[in-house]
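Please read these numbers as outputs of a predicted model, since none were measured by experiment.
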Amino acid sequence: MQNSLPERRQARGWSQQRLAEELGVSRQTILSIEKGRFDPSLPLAFRLAAVFGCHIEELFTPEAEPEQ
């Protein structure tokens with residue numbers, strides 16, 4: 001899954017640590033989500049959207065399926 005988390009976080013001038021503290025998760029969790037190594041749970045995705053004042057679909061988009 002692709003995400004716009006780094007851009008939105010940086011636009012606020014927040015570090016990964018600051019966002020992690022806001023959400024009650026570890027900095028490593030934020031790093032993993034931003035790098036696409038970890039997809040957040042639905043509750044965490046909703047919390048992320050709430051922090052940035054947007055819909056989940058604005059933060060996360062599925063990667064395109066390869067054509068067969």
Asker: Tell me the salt bridge (Lys or Arg N to Asp or Glu O under 4.0 Å) pairs involving residues 14-28, sequence neighbours left out?
Answerer: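 Found Arg18-Glu22.
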
Asker: Judged by modelled atom types alone, do Ser32 and Thr29 share a side-chain donor-acceptor pair under 3.5 Å?
Answerer: no

Asker: Could you list the cluster mates of Phe52? Members are the ILVMFWY residues connected by side-chain heavy atoms closer than 4.5 Å, either directly or through other members.
Answerer: Met1, Leu5, Trp14, Leu19, Leu23, Val25, Ile30, Ile33, Phe38, Leu42, Leu44, Phe46, Leu48, Val51, Ile56, Leu59, Phe60

Asker: What verdict does the side-chain contact (heavy atoms from CB on, under 4.5 Å) test give for Glu58 and Arg8, after you've listed the backbone C-alpha separation in whole Å, the side-chain angles of each residue and the deciding distance to 0.1 Å?
Answerer: CA-CA 10 Å; Glu58 294 175 71; Arg8 289 177 182 267; 3.6 Å; yes

Asker: Who are the side-chain hydrogen bond (donor to acceptor under 3.5 Å, both in side chains) partners of Ser15, not counting sequence neighbours?
Answerer: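 Checked Ser15 against side-chain hydrogen bond (donor to acceptor under 3.5 Å, both in side chains); zero matches.
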
Asker: Pairs in or reaching into residues 32-56: which pass salt bridge (Lys or Arg N to Asp or Glu O under 4.0 Å), with residues at least two apart or in two chains?
Answerer: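 The answer is Arg9-Glu34.
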
